[in-house]
2 protein chains.
Amino acid sequence: MAEHAIQIGELSRRTGCNIETIRYYERIGLMPAPPRRGRYRSYDADHVGRLGFVRRARELGFTLDEVRTLLDLAAGGAAACLEARTLAASHLLDIRARIADLRRMERVLNQSVQACDAEQASCCPLIEALYADHGKSAGGRATKIAI
Amino acid sequence: MAEHAIQIGELSRRTGCNIETIRYYERIGLMPAPPRRGRYRSYDADHVGRLGFVRRARELGFTLDEVRTLLDLAAGGAAACLEARTLAASHLLDIRARIADLRRMERVLNQSVQACDAEQASCCPLIEALYADHGKSAGGRATKIAI
DNA sequence: ACTTGAGTCTGTAGTCGCTACAGATGGCAT
DNA sequence: ATGCCATCTGTAGCGACTACAGACTCAAGT
């Protein structure tokens, strides 16, 4: 069994996860503290699987807390599916809201840049737009700036 | 002149910027330290304008460093326009890349949630998708996760 | 005059998800 | 013995805030 043991560098290579990040995940309890060979951490296929799971969930934009929940659900039984679905669906809404925010930004910025190209007159339309106070700007959803 | 002086609370109300954030901006030199009436900060129309500028730039997703640059450019002369345009254009590219990232996440998540709805069989397709190792997942642009 | 309440002050520490060191070991090849 | 790389621990930094604690100022009400 121990013949498939790998060190942290190899785990990093296989999962694409930074070494420092792996240790960070261990520190915050997202990854279990592995056994040691000497002083060195010794990982096996389970660790590779779990860390892969974490990375893929992160790539989908789940927070570490959500990843923790998903891991629990993955370990849990059949009833977990509904809960996972709920979590994913709410996360999906969040992503869509962020897309909408970014598209608003994109639209406004694009207008400004194009105005800048069109007009070679007096002052910078881009900077003027930022100074202008009239009504609302790009942020429609919330005052909060969550880039 | 001093008759239009306002306190930090009023500045916060007029710009929609949190009081603590205003003081933070002062600390990092983004907003000038205003004169005091007694111990209280005393702001005028210029401050309202500048802070409004900052907020609008932030809502467009510029970083504080970029905002600083934009403020300098706004104070500078005519040559600033081109530079501002360049900054905005590069920021626009960044926003578009982030939109693309989020849309990838959205697509994958949406598939998973729908698979979850369709199939009431055995195991959770969502969690299985996260465990699956085959090829690449949602992140196509970079390994880096910048949500 | 006294109290109450709201507003403001300073300073520090926490958030999230890493990332980047410094300085000490470990183990292997030459 | 000497390099050299990998790994170890621990701590501090990033960006952009946010959240306190504990002190103060000031105007209004009783």
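Residue numbers start from 1 in every chain, and the chains themselves are labelled A, B, ... in the order their sequence lines are given, proteins ahead of strands.
- The phosphate of C/dG17 has neither OP1 nor OP2 within less than 4.0 Å of any side-chain N or O from A/Y25.
- Where B/T63 and A/R13 meet DNA chain D, the nucleotide closest to each residue was compared, and A/R13 sits on the side nearer the 5' end.
- Not one side-chain nitrogen or oxygen of A/T21 sits closer than 4.0 Å to the OP1 or OP2 atom of C/dG17.
- Set against D/dT7, D/dT18, C/dC18, the side chain of A/L64 has C/dC18 as its closest nucleotide.
- Remark: A/R58 is in phosphate contact with C/dC18, judged by side-chain N or O atoms under 4.0 Å from OP1 or OP2.
- At the heavy-atom level, A/I19 lies under 4.0 Å from the strands shown only through sugar-phosphate atoms.
- A straight line from CD of B/E10 to P of C/dG7 spans 11 Å, rounded to a whole angstrom.
- A side-chain N or O of A/D44 and one of A/H47 form a donor-acceptor pair less than 3.5 Å apart.
- Atom CZ of B/R68 and atom C1' of D/dG15 are 12 Å apart (whole Å).
- Nucleic acid contact class of A/G38 (heavy atoms, under 4.0 Å, all strands): none.
- A donor-acceptor contact under 3.5 Å links the side chain of B/Y40 to the base of C/dG7.
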Return the polar atom pairs (N/O with N/O) between nucleotides 10-13 of chain C and the protein under 3.5 Å, or none.
{"unit_1": "C/dT10", "atom_1": "OP1", "unit_2": "B/R36", "atom_2": "NH1", "d": "3.1"}
{"unit_1": "C/dT10", "atom_1": "OP1", "unit_2": "B/R36", "atom_2": "NH2", "d": "2.8"}
{"unit_1": "C/dT10", "atom_1": "OP2", "unit_2": "B/R41", "atom_2": "NH1", "d": "2.9"}
{"unit_1": "C/dT10", "atom_1": "OP2", "unit_2": "B/R41", "atom_2": "NH2", "d": "2.6"}

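- B/Y25 meets the ring-ring contact (aromatic ring centres under 6.0 Å, His included) test with no other residue; sequence neighbours excluded.
- Using a 4.0 Å cut-off between charged side-chain N and carboxylate O, B/E10 and B/R14 make a salt bridge.
- Looking at the side chain of B/R55, the nearest of the listed nucleotides C/dC9, C/dC18, D/dC17 is D/dC17.
- The CD atom of A/E83 sits 9.5 Å away from the CG atom of A/L70 when rounded to the nearest 0.5 Å.
- Rounded to an integer number of Å, the gap from B/F62 CZ to D/dA16 P is 13 Å.
- Atom CD of A/E26 is separated from atom P of D/dT7 by 14 Å (rounded to the nearest Å).
- As rounded to whole Å, 12 Å separates atom P of C/dT19 from atom CD1 of A/I22.
- Relative ring orientation between A/F62 and A/H91 is described as parallel, the plane-to-plane angle staying below 30° on a 0-90° scale split at 30° and 60°.
- Looking at residues two or more places apart in sequence or on another chain, you find no ring-ring contact (aromatic ring centres under 6.0 Å, His included) involving B/Y24.
- An OP1 or OP2 oxygen of D/dT18 is reached within less than 4.0 angstrom by a side-chain nitrogen or oxygen of B/N18.
- Side chains of B/L51 and B/Y43 form no contact here, defined as non-hydrogen atoms less than 4.5 Å apart.
- A straight line from CD of A/E59 to P of C/dC18 spans 11 Å, rounded to a whole angstrom.
- Look at CD on B/Q7: it is 7 Å from P on C/dC9, rounded to the nearest Å.
- Distance, A/I8 CD1 to C/dT19 C1': 14 Å, rounded to whole Å.
- For the pair A/R98 and A/D101, the salt-bridge criterion is not met [side-chain N within less than 4.0 Å of a carboxylate O].
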